[in-house]
There are 2 protein chains.
Amino acid sequence: MKKITISDVASEANVSKSTVSQYLNNRFEYMSEETRQKIQDAIETLNYRPNIVARSLKQKSTKTVGVIVANIVHSFSTQVINELEINLHKHGFHMIVCNSNDQPEKEREHIEVLISKQVDGIIVFPTTGNIDLFEKLYKQHFPIIFIDRKIDSLPIPSVLLDNKLASKLAVDAFVEKGYRNIAFITNAIDQPITPRVERLQGFKEAMESYGLSVSKGHLNAVPVNQIQQRLSELFNEVQPDGILVANDRVLIELLSFVKQKGIKIPSEIGIIGIDEVPFASFFDPPICTIEQPFEQIALQAATILVEKIQSQNKTYQEIYRFLPKLNDRDSY
Amino acid sequence: MKKITISDVASEANVSKSTVSQYLNNRFEYMSEETRQKIQDAIETLNYRPNIVARSLKQKSTKTVGVIVANIVHSFSTQVINELEINLHKHGFHMIVCNSNDQPEKEREHIEVLISKQVDGIIVFPTTGNIDLFEKLYKQHFPIIFIDRKIDSLPIPSVLLDNKLASKLAVDAFVEKGYRNIAFITNAIDQPITPRVERLQGFKEAMESYGLSVSKGHLNAVPVNQIQQRLSELFNEVQPDGILVANDRVLIELLSFVKQKGIKIPSEIGIIGIDEVPFASFFDPPICTIEQPFEQIALQAATILVEKIQSQNKTYQEIYRFLPKLNDRDSY
DNA sequence: TTGTAAGCGTTATCAT
DNA sequence: ATGATAACGCTTACAA
């Protein structure tokens, strides 16, 4: 079960390796129809497939990019991964998917191995713990794009939602229907990641723009396993009439809580969630969501990464913001 | 921005390339503490990282496997991909994810490029259109595992649900509660893929074991975009009291239909779905689902693939079946 | 139009 | 203990 190489093809076809190489790279200009045919036949009979590893070594390009996702539990992550695959494939790139699980050490390890594997670029949902590494890569002009999150001190192109607007859309909708006592809740991790921070901030600003109070109790950021408990407290203390949840993961916790306590939506509590979920439209009541244009986001990220790879020293706008869309439904 | 190579490290440390290579591969037996330290320093000051492409060329192993998923829209696919990443990473493997979209030509193309990229093995949700290719790979002892689906004529290890039992669990549950007129519905594509066929067959057998009639109208396999229409017909003609849906994608169509028509669950129609969905437990009513142990399935697939890679000629059991679990809830 | 030979960055064999 | 040297399979000047 020996591997067929270009040399085997060459001798089978009675030509030299270089001629076969020409053939493989479609340089037919100076090739006689005869040798061309001979090579083609040889390839067929031997069932030859070029070794891309060898080619990559020579050409310094692997046509492979790394994707490091931070938090696979959000539907946004998987949606983006799927779209990235589609778009990268269009440009002939493969994608190695890694999961940092929001741990900077894992992220660093993945990045280093990916670079050792000579990927042509990476797309990262970055943690906040590897700024030095990202900075080094940036200075080396290594193609890298951030998605979903950004790091303010780094001029690395970042593709993400207009998170503040997302919160504002929700607050606007709530306020227009007469809600005043609105709470915000997000799942927290130990680092200040962009979507959470911006959605919280956007919520606060929008509320203040309406002159509505946002006490400490209105702004909730707790680990996912404490959300149920925090919701209990929230309903006892702040007694909100509306809740904005920061993402689909939190929405699930909230709906679960509401179901369990027999709380009525929207009469007893109004709900709006950031991130569209598959059941939103046929839930009872249908859940109002703020949807991210994940196809556009993934397309943009893939496109600028590929451009960066193909022409190293162009410069790029730093932040690409995409607009959220309100799916107005009867949950508030 | 030149790349640092092993030669650079060698001259920086005043030793030969081979010694550096020894160091890199942890062969310290015959190395003096002094040179060891010199090399370590050189690596640090130069910020050297070995080129894994070059290493792969030499060693004929890329520590990378390909994963070809057929239908990314099913939650099962993404769940499995996530788990595969976790398990493969434990063994030091990276994963290149591709999407065949149930198109044999795309599948073939992906497999061929992956092999050209010298992946050490592949995990496939196979279409039915590349049996010759799979057979060839099998004969070459190329490590390959099927997941979710199998191809009867090929002795390739396949890891999948006991689909017939899944249907049987649902029928048993229905029958026990007094349902008799039960319909089955699945999304169809042009090929006879395993889960659909087996779930349909399992449904039929289970029904027959109870002496219940399964007319043509009870067995529905239609493309996803025609499901709503077929449901209309179903409710007019067969007028089932219970429906078993073959997967989460179809469940969403069904719930959407039911909502739109104002049909009551479970009083007017009982529902059981194969595949657990995130909203099942807090839906109104909670949806009874048959859950696949996707962690176990992914673990098994990753484990035997890695074993196959590491010891080429062991032989494996052909089919690994995993047991479905009924999440009994009030939708029927 | 085709062939020779060097080189990509490693590892492996064999000297020393 | 360390170093020379030849692979690995391909591309690419350059020569013929």
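This is a predicted model, so every value here is computed, not measured. Letters go in sequence order (proteins before strands), and every chain restarts at 1. Atom set for the values below is all heavy atoms of this structure, side chains included, hydrogens, waters and symmetry mates excluded.
Here the side chain of A:Met31 is nearest to one of C:dT2, D:dT11, C:dT10, namely C:dT2. Distances were taken from every side-chain heavy atom of B:Lys58 (C-beta onward) to each of C:dT11, D:dG3, D:dC10; the shortest belongs to C:dT11. Closest to the side chain of A:Ser16, out of D:dT11, C:dC8, C:dT4, is C:dT4. With D:dC8, C:dT4, D:dT11 as the candidates, the nucleotide lying closest to the side chain of A:Leu24 is D:dT11. Minimum atom distance to the side chain of A:Ser18 is reached by C:dA5, of the listed D:dC10, C:dA5, D:dA4. Out of C:dT11, D:dT12, C:dG9, the shortest distance to the side chain of A:Gln59 is found at D:dT12. When distances are taken from the side chain of A:Val15 to each of C:dG3, D:dT12, C:dG9, the shortest belongs to C:dG3. Comparing D:dT2, D:dT11, C:dC8 by their nearest atom to the side chain of A:Leu57 picks out C:dC8.
Across the protein-nucleic acid pair, A:Glu29 atom CD and C:dT2 atom P stand 13 Å apart, rounded to whole Å. In this structure, B:Arg27 places its CZ atom 12 Å from P of C:dT13, rounding to the nearest Å. Spacing between atom CD of A:Gln22 and atom C1' of D:dC14 amounts to 12 Å, rounded to whole angstrom units. Going from atom CD1 of B:Ile6 over to atom P of C:dA12 covers 11 Å, rounded to whole Å. Atom CZ in A:Arg55 sits about 19 Å away from atom P in C:dC8, given to the nearest Å. Atom CD in B:Glu33 sits roughly 16 Å away from atom C1' in D:dT2 (whole-Å rounding). Rounded to an integer number of Å, the gap from OH of A:Tyr23 to C1' of C:dT1 is 17 Å. Between B:Gln37 atom CD and D:dT2 atom P there is a gap of 13 Å when expressed in whole angstrom units.
B:Lys60 comes within 4.0 angstrom of sugar-phosphate atoms only, judged by non-hydrogen atoms across all strands, and of no base. Nucleic acid contact class of A:Tyr48 (heavy atoms, under 4.0 Å, all strands): sugar-phosphate only. Using a 4.0 Å heavy-atom distance criterion, B:Thr35 is classed as a sugar-phosphate-only contact. If you check every strand for non-hydrogen atoms under 4.0 Å, B:Ser56 touches nothing. Backbone-only engagement by B:Ser32 is indicated by non-hydrogen atom pairs under 4.0 Å involving sugar-phosphate atoms exclusively.
Within 6.0 Å of CD on B:Glu44 lie no more than 12 heavy atoms contributed by other residues, nucleotides or ligands.
Contact annotation: A:Asn51 does not reach the phosphate of D:dC8 (side-chain N/O to OP1 or OP2, under 4.0 Å). A:Thr5 has no side-chain polar atom (N or O) that falls below the 4.0 Å cut-off from OP1 or OP2 of D:dG9. Phosphate proximity of D:dG3 to B:Thr19: present, with a side-chain N or O under 4.0 Å from OP1 or OP2.
To the nearest 0.5 Å, atoms OG1 (B:Thr35) and OH (B:Tyr23) are separated by 10.5 Å.
No side-chain donor-acceptor contact under 3.5 Å links B:Ser77 to the backbone of B:Val73. Between the side chain of B:Thr303 and the backbone N or O of B:Leu299 there is at least one donor-acceptor pair closer than 3.5 Å. Judged purely by atom type and a 3.5 angstrom limit, B:His89 has no side-chain atom pairing as donor or acceptor with the backbone of B:Glu85. No side-chain donor-acceptor contact under 3.5 Å links B:Arg27 to the backbone of B:Ser21.
Tested against A:Ile68, the residues A:Leu114, A:Asn99, A:Ile123 include a single side chain to side chain contact (heavy atoms under 4.5 Å, CB included) partner, A:Leu114. Remark: of the listed residues B:Ser158, B:Pro157, B:Pro126, B:Ser158 is the sole one forming a side chain to side chain contact (heavy atoms under 4.5 Å, CB included) with B:Lys150. Partner B:Val9 forms a side chain to side chain contact (heavy atoms under 4.5 Å, CB included) with one of B:Thr19, B:Ile43, B:Asp41 and no other, that one being B:Ile43.
Between the base of C:dG9 and the side chain of B:Lys3 there is no donor-acceptor pair shorter than 3.5 Å.
Each end of the helix from C:dT1-D:dA16 to C:dT16-D:dA1 gets its own rotation axis from five pairs of C1' atoms, and the angle between them is 40° to the nearest 10 degrees.
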